[in-house]
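Side chains included, hydrogens not; waters and symmetry mates left out as well; all remaining heavy atoms used. The chain is numbered in sequence order, starting from 1.
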Amino acid sequence: MSQPLSAQTVALVKATVPALEAHGLDIVREMYSRMFRNPEIRDLFNQSHHGDAGSQPRALTGAILAYASNIDNLGALAPAVERIAQKHVGLQILPEHYPYVADALLGAIKAVLGDAATDEVLAAWGEAYWFLANILIAREGRIYTEQKDTLGGWNGWRDFRIEEVVRESSVIKSFILRPTDGKNVMTHKPGQYLTFWFDLPGHPPIKRNYSISAAPNGETYRISVKREPHGLASGWLHDQVAGTILRVAAPAGEFFLAHPPERPVVLLSGGVGLTPMVAMLEAQVAAGSHVPVHYIHGTHNRETHAMRAHVRTLASQGKAVRVTDFHQTPLADEVAGSDYDVAGIITDDWLITNTPVGEADYYICGPRLFLRATVLTLSLAGVPSNRIHYEFFGPADELLAA
């Protein structure tokens, strides 16, 4: 357990908040520049999120500022710390990597702030960094142990073969993955993701997270991936066929369906965000649950709508499942009530009117703007924060996400 921060450290770190507001992005960019001189450390990170055009430096800048601002109220950061620990485990970040980050961060603070970064300020930030780092290291250690000790679990990277490829829509394919060693796979919590290590010719190693889009079965995993217009990893994956070997880390993630659910469940998704929702719906149906489930999905049209027939079949097998599909711009020959339920986007009024706001747990996944708007709508409607659960990929908006 980390030793409590000294009063002097708390005061000094809070005093640096104005400097971080003014120069934080420069500090973070300098920090990454120093870290990435070491290829071993560079390869731990998703490079598409870095650089001047990347979103990770901005996200980490806000995260460090949030940490400094809440240094005397760290309980407020607990959910963010859990999210980060889960992401770190997926990326296979280990205790021995933390000193590199510490050296880069403190060196960047000194380089950017100059004389304002006194020995006292640097010592305070060093103490604050290791306080948080030790919390993360301990939590990550427990997750690694759980993964290793669970039936079918593993640490590090495990080889999986693509057993089957299924075209789900014009832009989404599913990949059924079976371990090459022929052994069991770890039972994941519906909503969790797998982390992949891709070695593509002419590129540094690429890490990507993809939600598991099927309920646990002990033998295989399924991921369903959208081909992004300029997506290096998704484009490569879409071009693969059965037999391709992929390197995979064990399931991770703090976004998952409570089992068994205590309240009605609303599964709300946009685009490829349906992937964890399908896993949750499959799990509920397989369990024979009588808890009401409302599955709501929005996409462009019939061509981009993945897994629609599968979801409808699940709904027919479930005890209390209701499905509502939104097509933003239906094709000319699409028929309401057959190809989709509602034309247009999922509106605030529709969501509040047609879901049990006062009772349900909401699970949300989709594009960032969709998430922000939906979470805000539900919050303003009085849904408690502990009943609003969401997942997104890309750089986290919380502190120290990798």
Could you measure the distance from the CG atom of Leu194 to the CZ atom of Arg158? Nearest 0.5 Å is fine. 11.0 Å
Please report the interatomic distance OG(Ser234) to NZ(Lys173), rounded to the nearest 0.5 Å. 11.5 Å
Closest non-hydrogen atom pair between Thr61 and Pro57, with its separation: OG1-O, 2.7 Å
Find out whether Tyr363 and Pro276 are in side-chain contact, i.e. whether some heavy atom of one side chain is under 4.5 Å from a heavy atom of the other. no
Sidechain-backbone polar pair: Thr187 side chain, Pro216 backbone, donor-acceptor under 3.5 Å: no
Less than 4.0 Å between a side-chain N and a carboxylate O, is that true for Asp325 and Arg312? yes
Would you check if there is a donor-acceptor pair between the side chains of Ser224 and Thr275 at a distance under 3.5 Å? no
Taking the side chain as everything from C-beta on, heavy atoms only, tell me whether Lys207 gets closer than 4.5 Å to Trp197. yes
Short side-chain donor-acceptor distance under 3.5 Å, Tyr362 and Thr355: yes
Candidate list Thr180, Asp181, Val185, Ile176, test side-chain contact (heavy atoms from CB on, under 4.5 Å), partner Phe160, passing option: Val185
Side chain to side chain, Ile172 and Met307, heavy atoms closer than 4.5 Å: no
Give me the ring orientation class for Tyr98 and His88: parallel if the planes are under 30° apart, tilted from 30 to 60°, perpendicular past 60°. perpendicular
Between the side chains of Asp348 and Thr377, is a donor N or O closer than 3.5 angstrom to an acceptor N or O? yes
Go through Tyr295 and Met280 one step at a time and tell me if the side-chain contact (heavy atoms from CB on, under 4.5 Å) criterion holds. CA-CA 10 Å; Tyr295 178 100; Met280 294 179 186; over 6 Å; no
His389 and Asp361, any side-chain heavy atoms less than 4.5 Å apart: yes
Ala128 versus Leu5, closest heavy-atom pair with distance: CA-CD2, 3.9 Å
Would you kindly say whether His305 and Ser169 are connected by a side-chain donor-acceptor distance under 3.5 Å? no
Closest heavy-atom contact between Pro99 and Pro95? CD-O, 3.4 Å
Rounded distance [0.5 Å steps], OG in Ser174 versus OH in Tyr210: 12.5 Å
Could you check if a side-chain atom of Met186 sits within less than 4.5 angstrom of a side-chain atom of Tyr221, using non-hydrogen atoms only? yes
Do the rings of His238 and Phe175 sit parallel, tilted or perpendicular, given the 30° and 60° boundaries? perpendicular
Any Thr220 side-chain heavy atom under 4.5 Å of Leu177 side chain: no
Inspect the contact between Glu168 and Arg222 and indicate whether a charged nitrogen and a carboxylate oxygen are less than 4.0 angstrom apart. no
For the rings on Trp236 and Phe196, is their centre-to-centre separation under 6.0 Å? no
Please say whether more than 12 non-hydrogen atoms of neighbouring residues, nucleotides or ligands are located less than 6.0 Å from CD in Glu96. yes
Please report the interatomic distance CD(Gln192) to CD1(Ile212), rounded to the nearest 0.5 Å. 6.5 Å
What are the two closest heavy atoms between Arg308 and Asp339, and how far apart are they? NE-O, 3.0 Å
With a 4.0 Å cut-off, would you call Arg83 and Glu254 a salt bridge? yes
Those residues that, when tested against His23, pass ring-ring contact (aromatic ring centres under 6.0 Å, His included) (two or more places apart): none
Any side-chain heavy atom of Ile64 within less than 4.5 Å of one from Trp125? yes
ring-ring contact (aromatic ring centres under 6.0 Å, His included) involving Tyr340 - partner list, sequence neighbours excluded: His327
Could you tell me whether Phe36 and Phe45 have their ring centroids closer than 6.0 angstrom? yes
Calculate, to the nearest 0.5 Å, the distance between atoms CD1 and CG belonging to Ile27 and Leu65 respectively. 10.5 Å
Would a distance-only check, ignoring hydrogens and angles, find a side-chain to backbone donor-acceptor pair under 3.5 Å from Gln147 to Pro251? yes
Please collect all side chain to side chain donor-acceptor pair (under 3.5 Å) contacts where either partner lies in residues 104-123, sequence neighbours excluded, each pair once. Thr118-Glu120
Would you check if the side chain of Gln92 reaches a backbone N or O of Gly156 as a donor-acceptor pair within less than 3.5 Å? yes
Is any NZ, NE, NH1 or NH2 atom of the basic residue among Glu146 and Arg142 found under 4.0 Å from an Asp or Glu carboxylate oxygen of the other? no
Arg302 and Glu334 ion-paired at < 4.0 Å: no
Has Gln328 got a side-chain atom pairing as donor or acceptor with His300's backbone, closer than 3.5 angstrom? no
Using a 6.0 Å cut-off, check whether atom CD of Gln8 has over 12 heavy atoms from anything other than its own residue. no
With Ile296 as reference, evaluate Leu267, Leu351, Asn354, Ile364 under the side-chain contact (heavy atoms from CB on, under 4.5 Å) test and give the passing residue. Leu351
Below 4.0 angstrom, N of the basic side chain to O of the carboxylate: do Asp239 and Arg227 qualify? yes
Take His297 and Ser269 through the test side-chain hydrogen bond (donor to acceptor under 3.5 Å, both in side chains) and record every step on the way to the result. CA-CA 5 Å; His297 179 61; Ser269 59; 2.8 Å; yes
Under 3.5 Å, is there a donor on one side chain and an acceptor on the other for Ser289 and Gln284? yes
From Asn73 atom CG to Asn70 atom CG, the distance as rounded to the nearest 0.5 Å: 5.5 Å
Sub-4.5 Å side-chain heavy-atom contact between Val321 and Leu314: no
Check: Ser69 main-chain N/O paired with Lys14 side-chain donor or acceptor under 3.5 Å: yes
Using modelled atom types and a 3.5 Å cut-off, is there a donor and acceptor pairing between side-chain atoms of Glu127 and backbone atoms of Thr9? no
